Protein chains: 2
Amino acid sequence: MPVPLSARSATAASEFSDAGRGSAEAAVDLSAFQAEVVGVFVGLGQAMGLPKSYGEIYGLLFASTQPLGFNEIQSRLGLSKGSVSQGLRALREIGAVVVAGDFPGRREGYVAATELRPLAAALLRGTLEPQLVRGSAQLKTATGLLGEENLPLADRRVLARRLDKLQGWHRKAGGLLPWIIKFLR
Amino acid sequence: MPVPLSARSATAASEFSDAGRGSAEAAVDLSAFQAEVVGVFVGLGQAMGLPKSYGEIYGLLFASTQPLGFNEIQSRLGLSKGSVSQGLRALREIGAVVVAGDFPGRREGYVAATELRPLAAALLRGTLEPQLVRGSAQLKTATGLLGEENLPLADRRVLARRLDKLQGWHRKAGGLLPWIIKFLR
DNA sequence: CTGGGAGTTCAATAAAAAATGAACAGGAAA
DNA sequence: TTTCCTGTTCATTTTTTATTGAACTCCCAG
């Protein structure tokens, strides 16, 4: 079967429950609204192969009007420091999250970039594009190898045509990307 | 580092160079040409979240002019019967592989469907579309929940606008799919 | 029928990916 | 400088996903 996906039901949320645990247990300090939005982004993220925690972090920020600090993110989502740190870094790298204002101490506040277009662009660039590039190179190699193969002419012809078609597809898909990105305004 | 996602190195799976990994006695029954084509499809498949074995099977068939039997597929790729069986089934379900002619006994021959368009369509339908549908439903729920949330008016406004934008994005992406599929001729 | 091989199923296992948390930088305030 | 606190790194653990293989089903040949 194709890509599986966990069906998340939005669990309700109690406002302030276990804020002080040594290590959080999947705790949810989220409002029902926030939980639902987080669910949306977890799903979207998984569809693009991103870890669940990334989707959670982005979703929480997306559902917040104020900048959130590292701690707040961690405790509300019940994630480990490591996950939050890595998640924030990755999200900042693709421009999905942005630093917005300093808190006292060495702390910073984070905000979701809600402009979807550059975000989609970055994701596609990071996932599809590399594969297209790699694939094109491999196809060129394969075309070369086909020449060295000792095959009946008819077979060679058939295979050469298949490779051509695939190459065309790659080219087209490559050309399509910028267009798609532009379309998602 | 960057966005994770499956980015297998898939470097030229040269013929005999894989004396490494203890696991699979992987596929050494392939010509250099076949190995390279298999690599292309393993990569493409992984980019869409398909198991490696699916890509291998499809790739092998794509690189063959004759129908291949179950056994041939299994032994050339060095996969288990189970993997081949499941892989073939999934590939047939999305129309990527087709039964082509019977061999003696209970055996059948398999061929790759080389028409890329319906194939891409099936894959997108199976992966992105369900997520878009689910996401839309969740967004509707979220919009409802936002109403019940006790928030300053300004905040509620901001969030409502964000949800709207996201919903628009979903709609647009949904509308885009058929178009993309049509474009990949 | 019935014997045997082709392919399927699915619980068990292995492999891959993500999350965790303890050790570690490094800055700010004192 | 020293202390304290925030966030990072990365080896380890947990979770998820893919693969295997043995038990099974089914069908054709004999």
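Only this structure's heavy atoms are used, side chains among them; waters, hydrogens and symmetry mates stay out. Just so it is clear: chains get the letters A, B, ... in the order the sequence lines come, proteins before strands, and each one is counted from 1. If you're wondering where the values come from, they're calculated on a predicted model, not measured in any experiment.
- Other residues, nucleotides and ligands contribute more than 12 heavy atoms inside 6.0 Å of the CZ atom of Arg156(B).
- The CD-C1' distance, from Gln46(B) to dA17(C), rounds to 12 Å in whole Å.
- For the pair Arg92(B) and dT8(C), the criterion of a side-chain N or O lying under 4.0 Å from OP1 or OP2 is met.
- Going from atom CD of Gln74(B) over to atom C1' of dG7(C) covers 10 Å, rounded to whole Å.
- Heavy-atom distances to DNA chain C give each of Asn71(B) and Gly82(B) a nearest nucleotide, and the one nearer the 5′ end belongs to Asn71(B).
- The side chain of Arg107(A) places no N or O atom within less than 4.0 Å of a non-bridging phosphate oxygen (OP1 or OP2) of dA28(C).
- Considering only side-chain N and O atoms, Ser53(B) lies under 4.0 angstrom from the phosphate OP1 or OP2 of dT19(D).
- Atom-to-atom, CD of Glu72(A) to C1' of dC5(D) comes out at 17 Å; the value is rounded to the nearest Å.
- If you check dA23(D), dT8(D), dA19(C) against the side chain of Lys81(B), the one that comes closest is dA23(D).
- No path of Ile, Leu, Val, Met, Phe, Trp and Tyr side chains, each step under 4.5 Å between heavy atoms, connects Met48(A) with Val133(A), placing them in separate hydrophobic clusters.
- The phosphate of dG7(C) (OP1 or OP2) has no side-chain N or O of Ser85(B) nearer than 4.0 angstrom.
- Closest contact between the side chain of Ser80(A) and the listed nucleotides dT20(D), dG21(C), dT8(C) involves dG21(C).
- Between Val111(A) and Leu61(A) the shortest side-chain heavy-atom distance does not fall below 4.5 Å.
- Taking the six-membered ring where tryptophan is involved, the planes of Phe41(A) and Phe62(A) are tilted, since the angle between them lies from 30° to 60°.
- Rounded to an integer number of Å, the gap from Leu50(B) CG to dT17(D) P is 14 Å.
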